[in-house]
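Naming: A, B, ... by sequence-line order, numbering from 1 per chain.
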There are 2 protein chains.
Amino acid sequence: MKNRLEELRKARGIRQEDLADALEVSRQTIGSLENGRYNPSILLAFKIAKYFGMTIEEIFIDEEE
Amino acid sequence: MKNRLEELRKARGIRQEDLADALEVSRQTIGSLENGRYNPSILLAFKIAKYFGMTIEEIFIDEEE
DNA sequence: CATAAATGTCAATTATGCTTTCCATTATTT
DNA sequence: AAATAATGGAAAGCATAATTGACATTTATG
């Protein structure tokens, strides 16, 4: 599961910590998502999509055959 | 987090067990999702969306303020 | 009504999302 | 170069997603 988090965050010129605060998660959670260490819960995915004004599908890329 | 799983499954005239097989999860997982006992992982949400040919947002309803 | 099919649900277990804490590495600025 | 800011990442712990198995209940069919 890839995602465009880092790209979208940088386009807004904010730090991981700022995004973390906005989403009410820890900075490590943002870092871990950006670097693909784990996938977000569906609730966090919805929060992220809402924050960026996009759909989950536009941010998270499902890569199954 | 509400969802339209039961409605969509019944519209296709299939059993929980059939949907479970198609999604490669247990029948209990489908039942638990339909009855709101827990939320799906984002990977399962993507699988479900793909199965029904819909987006995650069309199937799962985020109910935050 | 009786039988079987489908679903509900509980308990126990495993996997993982997310946390905090801590330290290392990589920019950035002075 | 030195100091600070920002990010990377590991470890331990907690909460919950997801599993299987077993059994109860509901719904459909003979």
Strictly under 3.5 Å: I want the nitrogen or oxygen pairs between protein and nucleotides 3-7 of chain C, one per line.
residue : atom : partner : partner atom : Å
C/dA6   : OP2  : B/R15   : NH1          : 2.8
C/dT7   : OP1  : B/R9    : NH1          : 2.8
C/dT7   : OP2  : B/Q16   : N            : 2.9

Side chain to side chain contact (heavy atoms under 4.5 Å, CB included), that's the test. Do B/M54 and B/L8 meet it? Break it down for me.
CA-CA 11 Å; B/M54 303 169 71; B/L8 293 170; 3.9 Å; yes
For the pair made of CG in B/L19 and P in C/dG8, what is the distance, rounded to whole Å?
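About 13 Å, once rounded to whole Å.
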Please report the distance, rounded to the nearest Å, between CD in B/Q28 and P in C/dG8.
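Value for this atom pair: 11 Å.
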Quick one: closest heavy-atom pair of [X] and [Y], and the distance?
X     : Y     : answer
B/D62 : A/K50 : OD2-NZ, 3.9 Å
A/I42 : B/A45 : CD1-CB, 3.5 Å
B/E57 : A/I56 : OE2-N, 2.7 Å
A/F60 : B/F46 : O-CZ, 3.5 Å

Report yes or no: do B/L44 and B/I61 belong to one cluster of Ile/Leu/Val/Met/Phe/Trp/Tyr joined by side chain heavy-atom distances under 4.5 Å?
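No, it is not one cluster - the side chains of B/L44 and B/I61 are not joined through contacts under 4.5 Å.
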Audit row: A/E58, A/R4, salt bridge (charged side-chain N to carboxylate O under 4.0 Å, His left out) steps and yes/no:
CA-CA 8 Å; A/E58 286 170 332; A/R4 297 172 53 203; over 6 Å; no
Quick one: side-chain contact (heavy atoms from CB on, under 4.5 Å) partners of A/Q16, sequence neighbours excluded?
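A/Q16 satisfies side-chain contact (heavy atoms from CB on, under 4.5 Å) with A/R9, A/R27, A/I30, A/E34 once adjacent residues are dropped.
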Can you check nucleotides 16-18 of chain D for protein contacts, nitrogen or oxygen pairs under 3.5 Å, and list what you find?
residue : atom : partner : partner atom : Å
D/dA17  : O3'  : B/S41   : N            : 3.4
D/dA18  : OP1  : B/S41   : N            : 2.2
D/dA18  : OP1  : B/S41   : OG           : 2.6
D/dA18  : OP2  : B/N39   : O            : 2.6
D/dA18  : OP2  : B/S41   : N            : 3.1

